[in-house]
Amino acid sequence: MKSYQKLATDIPQPTESYAEEESIDGKPPYLWKLSTWWLGVGLLLMVAGLLSGVTMWVLRQASGGHCGQTPLEKCSIVPEPLRFDCYPERNVVVTKELCESRGCCFIERDQPLGSRSGVPWCFYPPDFPSYTLESLNQTELGMVGLLRRKVKAYYPRDIERLKLSVEFETDTRLHIKITDSTSPRFEVPLEVPQAMKRAENPIYSLEFSKEPFGLLLRRRASGTVLLNTTVAPLIFADQFLQISTVLPSKFLYGLGEHRSSFLHSLNWTTLTLWARDVPPMESYNLYGAHPFYLLMEEGGAAHGVFLLNSNAMEVALQPAPALTWRTIGGVLDFYIFLGPDPNMVIQQYQQVIGFPAMPPFWGLGFHLCRWGYGTSNETWQIVKAMRNYQIPQDAQWNDIDYMEGYRDFTFDPMKFDTLPQLVEDLHKHGQYYVIILDPGISSTNPPGSYWPYDEGLRRGIFINTTQGQTLIGQVWPGFTAFPDFSNPDTYQWWLENLNRFHARVPFDGLWIDMNEPSDFKDGSVDGCSPGKLDNPPYMPAVLGSSLSAKTVCASAKQSASVHYNLHNLYGLMEAKATASALIQIRGKRPLVISRSTFPSQGRYSGHWLGDNRSKWKDMYWSVPGVLSFNLFGIPLVGADICGFSGTTSEELCTRWMQLGAFYPFARNHNTQNEKAQDPVAFGSVVRTAMKEVLLTRYALLPFLYTLFHRAHLQGHTVARPLFFEFPQDVITYSVDKQFLWGRSLLVTPVLEPGVDSVIGYFPRGVWYDYYTGSSVNSSGESLKMAAPLDHINLHIWEGTILPTQKPGSTTWVSSGNSLHLIAALSQNASAWGDLFWDDGESLDTFERGDYSYLVFNVTQNIFTSTVLHANVEATYITVDVLSVYGVRDEPSRVTVNGKENPFSYLENQVLTVSDLNLNLSQGFSIRWL
């Protein structure tokens with residue numbers, strides 16, 4: 001059965017933009033025009049992507065249309081979608097008097113007084129004072145300008161003079177920074193590439209408005225206006241920075257970490273970025289902060305914007321479409337990535353923040369955990385039961401119940417007395433062990449009895465109060481101190497603690513939790529200071545209405561700065577220290593999974609989506625979560641399969657295991673005092689279904705591993721939204737119940753109860769059933785497919801070749817098995833694929849040349865395997881089977897390297913050549929006639 005759907009494409013065409021011919025500093029305008037950028041000066045007259053009424057309003061205000069108007073007339077001409085909030089505070093009922101005291105417009109609407117959603121009642125008038133661009137001079141990389149505010153804004157410590165720095169870093173990357181021109185301010189200590197020369201042929205142009213200051217960024221090819229900041233005033237006070245822009249479309253993604261659909265709603269939505277320990281829920285700031293968005297433009301082009309700022313912030317979205325950045329510290333440091341396709345945008349973003357680390361092969365296997373095993377022997381029994389049923393499992397984890405008194409670097413000598421023996425047994429079976437660590441270090445033990453605290457205190461590596469004393473909070477072990485990972489000395493202390501514990505329990509990976517950092521006492525056991533850091537003039541819409549809600553005081557002192565500036569970086573800094581320690585201890589690729597994240601963290605860790613619930617909607621929410629973190633450069637991501645809290649059901653857990661088998665990071669985890677939800681906890685039917693889908697994952701690991709290689713080398717996504725491969729198909733822009741592995745494997749999970757079918761969208765082209773090779777030639781349509789409880793639908797995009805492998809019970813067993821290559825022919829009977837292969841654990845194998853890389857091709861009925869780089873690992877592997885999907889005519893014979901070979905051909909046009917026994921390290925060809 002086929003069903004069709006249409007997604008309205010009501011994006012208006014971009015309008016033309018002009019700039020007044022006006023001189024600055026007495027210089028004629030032609031001096032402001034560079035050979036490759038046209039720099040218009042003056043008030044910009046039109047806004048791209050807006051309705052005609054909005055465009056007319058911009059024309060009127062730019063041409064002085066408000067002159068002589070009454071205040072009411074001046075305010076009423078501003079269209080509702082372009083009303084930018086002048087009073088965004090949430091703890092105040094905004095009255096007409098309060099609004100007008102800021103010099104803003106106040107127009108009531110039907111929504112309740114004080115409502116923080118919908119069209120703002122208090123908004124900026126067209127002539128609200130902003131900065132003036134007083135000078136602009138060229139530099140080797142771009143230009144530098146001076147901005148001055150003649151009328152103070154309404155937030156304290158307004159900064160009068162600002163420095164504007166523009167660098168044309170590459171043809172597809174623009175860097176714009178605005179900061180205090182006279183005093184240094186905190187900037188994120190992130191390693192970013194430094195441009196050495198100005199871009200020669202940029203695909204963008206940049207224009208400026210003198211008064212009020214603003215900038216307009218265009219895509220040269222289409223003329224699309226990507227940014228226009230003239231629509232609302234720039235505000236730059238010490239603790240309130242705000243800049244707004246209109247957007248060229250409503251298709252906006254990113255801006256994490258939040259629980260939402262993958263495509264954000266622009267219907268007066270505010271997204272807050274402030275790392276917070278809270279079970280994922282809609283509308284609140286969650287564990288990490290990622291101030292980056294991707295936007296799809298009309299016609300299929302894409303661009304991205306990254307604000308390199310780690311302070312508490314919020315991003316306000318409105319249906320103009322428009323966006324407002326508000327942050328309470330640091331600088332406005334923007335990188336804009338021009339793509340032009342969405343894959344390239346993410347690659348360009350990661351060129352700035354860093355490409356993700358290559359995970360160990362075993363990290364892509366199946367992981368099993370729960371809080372509440374109770375003992376090491378009970379943990380061991382689960383491992384043995386999984387082996388008994390031959391269910392794939394690579395790693396066993398323990399939550400905090402393995403610790404003695406919940407203290408880091410300890411294990412319970414009574415309940416977990418056999419933990420070292422369990423780990424030894426795992427290693428003998430080619431399996432691995434991962435432990436949890438929280439940053440909070442117990443501070444209540446008698447002096448001399450707990451080395452981590454005693455030594456940390458001696459070395460001075462803990463976060464301090466404003467008085468310079470160790471800040472004490474409360475987490476699982478009771479009163480705790482918090483390591484300051486911005487202090488280089490903390491790295492050595494962390495390494496020594498891990499090394500001492502590893503000598504007793506030789507763990508293989510580390511799970512760093514509670515690292516927002518979480519504190520059960522808001523701020524500290526003694527509260528926080530009454531100063532401006534703990535009580536800023538503007539409080540973003542953070543959960544708890546306080547920066548110290550369930551974390552340490554913003555005023556707390558750290559080595560690099562105050563916690564006010566470093567809070568969102570805590571998880572990143574801990575991940576960096578942890579990955580470094582693991583490399584030094586094991587000498588192999590580290591596996592680190594972190595709860596709190598920040599841009600560049602993919603270089604050091606993966607991420608799981610936190611303490612979800614055993615509910616169907618939570619399973620759905622995991623798909624946009626996984627897709628978002630692939631945008632953020634952290635492709636090793638997944639959710640707790642079957643849900644962490646609450647009680648699962650057989651149906652939910654089966655469907656979730658099927659979906660979770662296609663998370664890049666696949667772990668089943670649940671909480672204490674709930675029914676077990678590991679595969680062996682269920683009856684034979686459910687257990688078998690779970691086993692089969694894990695075997696499917698393990699069969700696809702060579703393909704998945706190659707995707708991670710591309711992510712590590714070039715910044716590709718692993719789990720990928722459909723529109724990345726089909727940017728011309730607007731229907732794909734809102735699809736977040738399906739996803740791709742790479743460009744070619746479409747996953748369509750069942751996400752609702754009580755059904756035995758599922759509807760999935762298939763972009764135009766030929767799609768092949770992964771299991772059978774049967775094809776569907778889609779015109780771009782939704783299809784209803786059978787989905788019994790033991791089945792997840794997988795389809796291969798035409799023109800691709802997947803390397804698969806006979807699955808085993810561990811990645812160690814699987815990695816020695818033979819390969820099965822699947823070629824899915826395009827409509828012109830061609831296909832392409834590749835395979836990256838190494839020992840799966842050594843450091844920097846690509847960089848050292850210790851790897852194999854093969855390219856597979858099908859053209860003119862000939863399959864070829866070409867070895868572009870080889871190492872010894874490839875000599876251990878053979879290719880045993882080739883399946884070719886979409887062979888229209890039954891062959892009369894098949895040759896392998898020129899010699900005839902038996903084959904089979906099915907009515908659904910699948911050609912299979914078996915018993916090949918071809919060594920992977922040698923090129924070969926297979927021909928059918």
Side-chain angles (χ1 to χ4, degrees), residues 274-279 285-288 369 371-372 397-412 435-446 449-457 461-465 469-486 490 493-494 497-498 501 510-528 543-544 546-558 563 566-575 577-578 592-597 608 610-611 644-645 669 671-672:
W274 183 248
R276 177 61 149 84
D277 171 9
V278 61
N285 49 299
L286 301 182
Y287 308 110
C369 183
W371 180 18
W397 299 37
N398 275 121
D399 208 317
I400 58 174
D401 48 337
Y402 81 87
M403 301 176 183
E404 183 178 18
Y406 297 140
R407 293 188 296 276
D408 280 352
F409 314 114
T410 69
F411 68 92
D412 191 314
I435 58 169
I436 192 172
L437 283 177
D438 295 337
I441 301 297
S442 175
S443 63
T444 58
N445 305 279
S449 65
Y450 186 49
W451 193 86
Y453 179 71
D454 294 337
E455 190 64 15
L457 206 59
I461 56 85
F462 292 123
I463 294 176
N464 289 328
T465 65
Q469 303 299 313
T470 300
L471 184 146
I472 301 298
Q474 183 176 345
V475 203
W476 295 113
F479 295 142
T480 54
F482 298 89
D484 175 8
F485 288 103
S486 76
T490 306
W493 168 86
W494 192 244
N497 276 289
L498 288 168
F501 190 64
L510 289 168
W511 169 22
I512 50 176
D513 192 10
M514 308 288 287
N515 56 347
E516 293 74 32
S518 176
D519 183 357
F520 297 163
K521 293 283 188 182
D522 290 356
S524 77
V525 295
D526 297 317
C528 299
L543 178 62
S546 168
L547 296 183
S548 63
K550 212 171 182 183
T551 192
V552 302
C553 299
S555 60
K557 294 182 178 180
Q558 296 188 235
H563 193 72
L566 298 176
H567 173 81
N568 281 339
L569 300 173
Y570 194 88
L572 167 63
M573 292 178 169
E574 185 191 18
T578 304
V592 180
I593 300 297
S594 175
R595 191 167 75 177
S596 188
T597 59
W608 97 104
D611 296 340
F644 172 70
S645 65
H669 176 49
T671 189
Q672 59 184 352

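- Summarising the geometry, atom CG belonging to Asp522 is positioned 11.5 Å from atom CD belonging to Gln474; distances are rounded to the nearest 0.5 Å.
- Side-chain contact between Trp451 and Asn497 is present, with at least one heavy-atom pair separated by less than 4.5 Å.
- The shortest side-chain heavy-atom distance between Lys557 and Thr465 does not fall under the 4.5 Å cut-off.
- Note that CG of Asp519 and OG of Ser524 are 7.5 Å apart. Values are rounded to the nearest 0.5 Å.
- For the residue pair Pro439 and Asp513, the shortest heavy atom distance occurs at CD-O, 3.1 Å.
- Within the 4.5 Å cutoff, the side chain of Asn464 has no heavy atoms near those of the Leu471 side chain.
- Separation of atoms CD (Glu574) and CG (Asp484) is listed at 12.0 Å; rounding is to 0.5 Å.
- Taking every heavy atom of both residues into account, Ile463 and Tyr570 meet most closely at CD1-CE1, 3.9 Å.
- Asn445 contributes no side-chain N or O that, together with a main-chain N or O of Tyr450, makes up a donor-acceptor pair within less than 3.5 Å.
- Checked by atom type and distance alone, the side chain of Ser596 never pairs as donor or acceptor with a backbone atom of Gly288 at under 3.5 Å.
- Ionic pairing of Asp526 and Lys521 is not present here: no N-O contact between side-chain nitrogen and carboxylate oxygen is shorter than 4.0 angstrom.
- The minimum heavy-atom distance linking Leu547 with Trp274 is given by the pair O-NE1, 3.2 Å.
- The CD1 atom of Ile400 lies 12.5 Å from the CG atom of Asp412; values are rounded to the nearest 0.5 Å.
- In terms of modelled atom types and a separation under 3.5 Å, the side chain of Ser443 and the main chain of Ala481 share no donor-acceptor contact.
- Closest non-hydrogen pair, Asp438 versus Trp476, comes out as OD2-CD1, 3.3 Å.
- Ring geometry, Trp608 versus Tyr287: the interplanar angle falls under 30°, so the pair is classed parallel (tilted spans 30 to 60°).
- Using a 4.5 Å heavy-atom threshold, the side chains of His563 and Cys553 count as separate.
- Between the CH2 atom of Trp511 and the CG atom of Leu437 there is a distance of 10.5 Å, given to the nearest 0.5 Å.
- With Thr551 contributing its side chain and Ser548 its backbone, the two residues share no donor-acceptor pair below 3.5 Å.
- A donor-acceptor contact shorter than 3.5 Å is absent between the side chain of Asn398 and the backbone of Ile435.
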Could you go through Tyr402 and Ile436, starting from their C-alpha distance and side-chain angles, then the distance that decides it, and tell me whether this counts as side chain to side chain contact (heavy atoms under 4.5 Å, CB included)? CA-CA 9 Å; Tyr402 81 87; Ile436 192 172; 3.8 Å; yes

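- Scanning both residues, Pro477 and Arg407, for their nearest heavy atoms gives CB-CG, 4.2 Å.
- Phe479 CZ: 12 or fewer foreign heavy atoms inside a 6.0 Å radius.
- Considering only heavy atoms from C-beta on, Asn515 comes within 4.5 Å of Ser594 through its side chain.
- Taking the side chain as every heavy atom from C-beta outward, Leu498 and Leu510 approach each other to under 4.5 Å.
- Under the 3.5 Å distance criterion, the side-chain polar atoms of His567 are matched with a main-chain donor or acceptor of Ala275.
- Residues Phe411 and Glu404 fail the side-chain proximity criterion, which asks for heavy atoms closer than 4.5 Å.
- Between Ile441 atom CD1 and Thr470 atom OG1 the span is 12.5 Å, to the nearest 0.5 Å.
- Side-chain contact between Asp408 and Met403: present, with at least one pair of heavy atoms (C-beta onward) separated by less than 4.5 Å.
- Closest heavy-atom contact between Leu543 and Asn285: N-OD1, 2.8 Å.
- Trp494 and Phe409 have their aromatic ring centers within a separation under 6.0 angstrom.
- Using a 4.0 Å cut-off between charged side-chain N and carboxylate O, Arg595 and Asp277 make a salt bridge.
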